There are 2 protein chains.
Amino acid sequence: MSPSIEDVARRAGVSIATVSRSLRGLPDVAESTRDRVLTAARELDYVASPFAARLASGRTSTVGVVVPFVDRWFFAQVLGGLERELQAGGFDLLLYNLGDTPGRERFFTVMPARKRVDALLVASLVLTDMELEALKTLNCPIAMLGVEVEGVLCTGIDDRAGARVAVEHLISLGRRSIALIGGDTEDPMRFTPPLYRRDGYLQALSAAGIEYDPRMDELGYFTVAGGEQAMSTILQREPRPDAVFAESDEMAYGAMRAIRRAGLRVPEDIAVIGFDDHESAELLDLSTIRQDVSAQAGVLAKRLLNVLAGETETATAELLPTELVVRGSTDPSRSSY
Amino acid sequence: MSPSIEDVARRAGVSIATVSRSLRGLPDVAESTRDRVLTAARELDYVASPFAARLASGRTSTVGVVVPFVDRWFFAQVLGGLERELQAGGFDLLLYNLGDTPGRERFFTVMPARKRVDALLVASLVLTDMELEALKTLNCPIAMLGVEVEGVLCTGIDDRAGARVAVEHLISLGRRSIALIGGDTEDPMRFTPPLYRRDGYLQALSAAGIEYDPRMDELGYFTVAGGEQAMSTILQREPRPDAVFAESDEMAYGAMRAIRRAGLRVPEDIAVIGFDDHESAELLDLSTIRQDVSAQAGVLAKRLLNVLAGETETATAELLPTELVVRGSTDPSRSSY
DNA sequence: GTGAAAGCGCTAACAT
DNA sequence: ATGTTAGCGCTTTCAC
C-alpha cells in the first residue's frame, strides 16, 4: 500500500491534523513544522487520497464539463481552454459528451454528474426549461459558454456585432446585394448564434440603407452541404447577389463550392465571408470573423473557479472581442493563389 | 443533505449491507428484498456517493485519458470514441491534456492521475523510457492508441499497409514518378506514423519496380505550411513528379496549394493523395486513406474495460482496417468541381 | 439471505 | 501552534 497520512505524521513526529494543515498550506503552522512535514511527505512520496479528502470535506475539486459533441472543432477548442484553467486551479475535469439526442436525454435524466462535481460547465447548449431544472437539482454553480441564462455565469462573444462587421466589410467593398446563409432561427434547440448573427446582418444592411431581400436569404443548417444547397438555391433566382455572408465558415465553404460550380468566381463575381475562423478558413482563403473559443472557455473557467473560491461575481455575462480577418474570398489582392 | 444509504436501509427495513448489495446487483439477495430496496432508493431519489464507495472499495471507476492536444482533429475523435465506451461501462473519464512540452513534463513528474484512476489510456504518444517508468508507478493497466509497447494494451491501424495502398493507387493511375512528403523519422518524439508510412511508400515503389529518388522526398512536418514548403522545394527540382503521397491530409493540402501556385493542375499534372480522411478532405476533394479514429478509440476502451473486469487479454496489439477513398485529387472524373 | 461492525484515509471542530 | 476525535458514506468480512 502507498503511505497514508499517518505514516507521514509518524515520520515528521506530529499529528495527522498538522500534516493535513501543512500539506494544504493552511495557516497556523510553524514554519519549521511545515518543513518537517513537507520533507517527510517527499521522502515517503506521499500523495493524499483525493477520495478520502472529498468524502471528509464534501468538496470534490472536480468540474463537470458538458459538450454536445467533442469531435467538432468548436468544442475541442472549448475543452482545450477549460482543461488548461481547471488543471491550473487544481480541479479535475470530468467529461460528459452528449453525442446525440438519446445521449442528451440520458444525461439529463440519469444525471451522472450527481455527487461528483463542485460545478458544471455547459458548452453552447441552449437548454430546455426542464433540462435547466434538472441541472439546478445538482445544487452547484453552473456556467454556460455562449448562452445567457438568468442566474448562470456566462462568457461568449457578441455575435451581433461580429455579424455586423462582416456585412459592413462586404459593403465597404462596394457590394450592395448581399445574401445571407444562416441557421434555423425556429429550431427547437434554439442555438443563439443564428438569431444574433442574422440580427447583425439586418442591422448592417439597414445602416447602409440597403433593403432586406428575402430571395437572398436561405437556410444552410450550419453544415457544408447545407451551405452549398442554400447557395445553389439563391443562384437560381434573380437577381444574383454580389456577396454572401454565411453565419459559419462551414456554410461559407459550401457556398464557395456552389459558386464555383456555377462557373462564377470568388470574389470577383461573388464575395464570401464566414464566421468563426475555423482552422481551415485560412487554407480555403476564406475571409471571416475570428473568435478565440479557447480564450472564452478559459475566461469562463477562471470565473467559475473564482465563484467556487467564494468570490461573489458581479457580472453574469462577459463578452470577448471578435476580429475581422480579410482573405482572398472577399479581397482578390489577398488571395493566396 | 441528500439521502444516505442509511435512509434507504431504514425505509426498506433492512441493513445498509443489504442495501449496498442490492443496489450493486450482487448475488445472495432475495428477489423480494432487492425490490423493496430498489423501491426505497427510487422513492428517496438516492444515488450512492461515488467517493465514499471509492474510499471503501479502493476502486475508482475512473479512467484517465492522456492526450497531447485536445484541440486537434485526431484527438478530438479519440476522445469521442473513448467517452462513449467509458460512459457505457460506468466509468468516469478524467481528461489530461498535455498541451506542450512543459505541460508534458509536468504531467510525468507531478503525476496528477495518482490515486485517481483505475487505468490510464494514452493517445498516440510515443513515451520515453522515463515516462513509461513513471506511468508504471501508477500500478494500473495502461492502454495506448496507435503505439505498440511491450506489456501495454494497444489498438491502432496498419500504417504501413495504408501507405502502400495509397501509393499503389497512384501507380495504378499510371504515375511512376511519385514524391513523398512526410514527417521527420528522426524526431525525438518518435511518432510512429512517419516511420511506418514511409516504409509503406518504399515497399509499394519497390514492388512496382520503381526506384526511390531522394530528390522526391521532403519533410512536411505534418502541417499544411510544411507540406506546401516541401512541395515547392520538390517542384524546383528536376524531374518533376507526376504524383505525391503525403503522409497526412494536412500536408496534402499544402502540397495542392503549392502545385496550383506553380500553375500546375491537380490531378492532371500531379496527382495528390493524403492520409487520414480528415473532415475537410472531402471538401478539398482530396483522395486519401481513411481511418476510423473514433472506432479505434472505442475498441481500445472496450478492451481496457475488459481487463479491468478481470478478463485476461491475449493479444496485446489489435489493428483496425483502413480504406482507400478516391476523390478528384487523383481521379479527375471524380472531381466535385 | 441478512446484519453487525470494522475500516477506507482523510477533514474539521474543538480542546489545549 | 498543535493534538484529539468524531465523522464523511460507503464496502467488506465475518457471524448468524
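Letters A, B, ... mirror the listed sequences (proteins, then strands); counts begin at 1. What you see is a predicted model, and the numbers here were worked out from it, not measured in a lab.
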Asks: Report yes if a side-chain nitrogen or oxygen of Thr18(A) is closer than 4.0 Å to either non-bridging phosphate oxygen (OP1 or OP2) of dT2(D); otherwise report no.
Replies: no
Asks: dT2(D) P sits how many Å from Leu26(A) CG, rounded?
Replies: 13 Å
Asks: Of Val63(B), Val117(B), Leu86(B), which is the lone residue that meets side chain to side chain contact (heavy atoms under 4.5 Å, CB included) with Leu93(B)?
Replies: Leu86(B)
Asks: Quickly work out the Asp28(B) CG to dA15(D) P distance and round it to whole Å.
Replies: 17 Å
Asks: Measure the shortest side-chain to side-chain distance between Met111(A) and Leu135(A) over non-hydrogen atoms and say whether it is less than 4.5 angstrom.
Replies: yes
Asks: Under 4.0 Å between any heavy atoms, over every strand shown, what does Arg21(B) touch: base, sugar-phosphate, or nothing? Just pick one.
Replies: base
Asks: Hey, does Leu153(A) have a side-chain heavy atom less than 4.5 Å from the side chain of Pro141(A)?
Replies: no
Asks: Let me spell it out: for each of Gly13(A) and Arg59(B), pick the nucleotide of DNA chain D with the closest heavy atom. Which residue's pick is nearer the 5' end?
Replies: Gly13(A)
Asks: Among Phe107(A), Phe75(A), Phe69(A), exactly one meets ring-ring contact (aromatic ring centres under 6.0 Å, His included) together with Tyr96(A). Which residue is that?
Replies: Phe107(A)
Asks: Provide, to the nearest angstrom, the distance between the CZ atom belonging to Arg36(A) and the C1' atom belonging to dT2(D).
Replies: 11 Å
Asks: Hey, what are the protein-to-nucleotides 7-10 of chain C N/O distances that come in under 3.5 Å?
Replies:
from, atom 1, to, atom 2, distance (Å)
dC8(C), O2, Ala56(B), N, 3.4
dG9(C), N2, Ala52(A), O, 3.4
dC10(C), OP1, Tyr46(A), OH, 2.7
dC10(C), OP2, Ile5(A), N, 2.8
dC10(C), O5', Tyr46(A), OH, 3.0

Asks: Of all the choices, dT12(D), dG3(D), dA1(D), which nucleotide is nearest to the side chain of Ala30(A) once you look at every atom?
Replies: dA1(D)
Asks: Go through the structure and list residues passing salt bridge (charged side-chain N to carboxylate O under 4.0 Å, His left out) with Arg114(B), not counting sequence neighbours.
Replies: Asp45(A)
Asks: Backbone N or O of Val293(B) within a donor-acceptor pair of the Gln77(B) side chain at under 3.5 Å?
Replies: no
Asks: Using only heavy-atom distances, decide whether a donor-acceptor pair under 3.5 angstrom links the side-chain of Arg34(B) to the base of dG1(C).
Replies: no
